[in-house]
A.B. asks: 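Have a look at the structure that comes next, please.
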Amino acid sequence: MSTILPRRAVLLAAQPDAFHILAGILGGLFEIHEAHTISDALATLERHQRIALIVCTVAFHDSRLFEFLQLVRDREATRDIPFIGCRVIASVLSDDSIDRLGQAFKFFGATEFVDIARLENAKAAALLKNVVMKHIGRD
């Protein structure tokens with residue numbers, strides 16, 4: 001008799017449009033949890049302790065991704081969860097600004113930063129899947 005393991009859980013902390021794109025890429029691989037505000041994200045992390053990875057977009061909760069990252073890293077229960085910063089939707093920020101934002105985000109404790117907004121859909125999906133699989137794999 002084989003045992004079926006539950007899928008790994010991922011928290012997508014994103015504005016609604018970006019959430020739908022991310023969920024479309026990762027939804028078939030992982031159990032997805034949605035949050036659009038910092039308080040929703042923290043409550044989700046408390047309720048669902050199986051969350052193995054956080055993906056947070058640049059525009060999450062009025063661009064408060066650094067604040068959310070700091071709150072996650074300050075909590076004993078969540079500090080070791082891989083935290084991936086991500087730009088999903090192109091913005092007025094230049095590519096150079098996004099590169100520097102990604103560097104700063106990693107400096108402050110993010111595991112990785114990916115900019116899928118620069119890529120065409122298939123390449124963006126492949127990049128995000130590869131980064132996520134690198135950090136939590138597949139059950």
A.B. asks: Taking everything shown except Q49 itself, do over 12 heavy atoms lie less than 6.0 Å from its CD?
C.D. replies: no
A.B. asks: So, H61 side chain and I38 main chain: donor-acceptor pair closer than 3.5 Å or not?
C.D. replies: yes
A.B. asks: Where do R47 and H33 land on the side chain to side chain contact (heavy atoms under 4.5 Å, CB included) test, with the steps shown first?
C.D. replies: CA-CA 11 Å; R47 274 193 319 271; H33 295 273; over 6 Å; no
A.B. asks: Using 0.5 Å steps for rounding, measure from the CD1 atom of I32 to the CG atom of L11.
C.D. replies: 9.0 Å
A.B. asks: Tell me the closest heavy-atom pair linking H36 and A14, and the distance in Å.
C.D. replies: ND1-O, 2.6 Å
A.B. asks: Measure across K106 and T111 and return the closest heavy-atom pair with its distance rounded to 0.1 Å.
C.D. replies: CE-O, 4.2 Å
A.B. asks: Atom CD1 in I21, atom CG in L12: separation rounded to 0.5 Å?
C.D. replies: 11.5 Å
A.B. asks: CE/M133 to CG/L26 distance, rounded to the nearest 0.5 angstrom?
C.D. replies: 9.5 Å
A.B. asks: Return yes if a side-chain donor-acceptor contact under 3.5 Å exists between H48 and E31, otherwise no.
C.D. replies: no
A.B. asks: Would you please classify the geometry between the F66 ring and the F108 ring as parallel, tilted or perpendicular, with 30° and 60° separating the classes?
C.D. replies: perpendicular
A.B. asks: Same cluster for I84 and F19 if Ile/Leu/Val/Met/Phe/Trp/Tyr side chains link at under 4.5 Å?
C.D. replies: yes
A.B. asks: I'd like to check R73 versus F83 (side-chain heavy atoms, cut-off strictly below 4.5 Å). Are they in contact?
C.D. replies: yes
A.B. asks: Could you give me the CA-CA distance, side-chain angles and deciding distance for L22 and T57, then say whether side chain to side chain contact (heavy atoms under 4.5 Å, CB included) is met?
C.D. replies: CA-CA 10 Å; L22 293 170; T57 63; 3.7 Å; yes
A.B. asks: Between L42 and F68, does the side chain to side chain contact (heavy atoms under 4.5 Å, CB included) criterion hold? Intermediate values first, please.
C.D. replies: CA-CA 9 Å; L42 294 173; F68 179 50; 4.0 Å; yes
A.B. asks: Does one hydrophobic cluster hold both V88 and L65, with members joined at side-chain heavy-atom distances below 4.5 Å?
C.D. replies: no
A.B. asks: Do R75 and E46 touch side chain to side chain, with heavy atoms closer than 4.5 Å?
C.D. replies: yes
A.B. asks: Do other residues, nucleotides or ligands put more than 12 heavy atoms under 6.0 Å from N121 CG?
C.D. replies: no
A.B. asks: For I98 and F113, run side chain to side chain contact (heavy atoms under 4.5 Å, CB included): C-alpha distance rounded to whole Å, both residues' side-chain angles, the deciding distance at 0.1 Å, then the answer.
C.D. replies: CA-CA 10 Å; I98 292 297; F113 184 86; 3.8 Å; yes
A.B. asks: State, to 0.1 Å, how close D95 and R118 come at their nearest heavy-atom pair, and which atoms those are.
C.D. replies: O-NH2, 2.7 Å
A.B. asks: Using a strict cut-off of less than 4.0 Å between a Lys/Arg side-chain nitrogen and an Asp/Glu carboxylate oxygen, indicate whether R79 and D74 qualify as a salt bridge.
C.D. replies: no
A.B. asks: Is V72 linked to V58 within one hydrophobic cluster, defined over Ile, Leu, Val, Met, Phe, Trp and Tyr using a side-chain heavy-atom separation of less than 4.5 Å?
C.D. replies: yes
A.B. asks: Identify the two heavy atoms, one from A117 and one from A90, that lie closest to each other, and give their separation to 0.1 Å.
C.D. replies: CB-N, 3.6 Å
A.B. asks: Would a distance-only check, ignoring hydrogens and angles, find a side-chain to backbone donor-acceptor pair under 3.5 Å from E120 to A122?
C.D. replies: yes
A.B. asks: Determine whether L53 and I51 fall in the same hydrophobic cluster, where Ile, Leu, Val, Met, Phe, Trp and Tyr are linked whenever their side-chain heavy atoms lie under 4.5 Å apart.
C.D. replies: no
A.B. asks: Can you find a heavy atom in the side chain of L45 that is under 4.5 Å from one in the side chain of I54?
C.D. replies: yes
A.B. asks: Once rounded to the nearest 0.5 Å, what's the spacing between atom CD1 of I25 and atom NE2 of H20?
C.D. replies: 13.5 Å
A.B. asks: Measure the spacing between CD of E67 and CG of D62 and express it to the nearest 0.5 Å.
C.D. replies: 10.0 Å
A.B. asks: Under 4.5 Å between side-chain heavy atoms, hopping through other hydrophobics if needed: is there a path connecting F60 to L69?
C.D. replies: yes
A.B. asks: Can you name the closest pair of heavy atoms from P82 and H135 and give their distance?
C.D. replies: CB-CB, 4.1 Å
A.B. asks: Using only atom types and a distance under 3.5 Å, with no angle test, would you say the side chain of R8 pairs donor to acceptor with the backbone of I136?
C.D. replies: yes
A.B. asks: Could you measure the distance from the CD1 atom of I116 to the CZ atom of R87? Nearest 0.5 Å is fine.
C.D. replies: 10.0 Å
A.B. asks: In terms of heavy-atom contacts, does CZ of R100 have more than 12 from other residues, nucleotides or ligands at under 6.0 Å?
C.D. replies: no
A.B. asks: Keeping T44 on the side-chain end and D40 on the backbone end, is there a donor-acceptor pair under 3.5 Å?
C.D. replies: yes
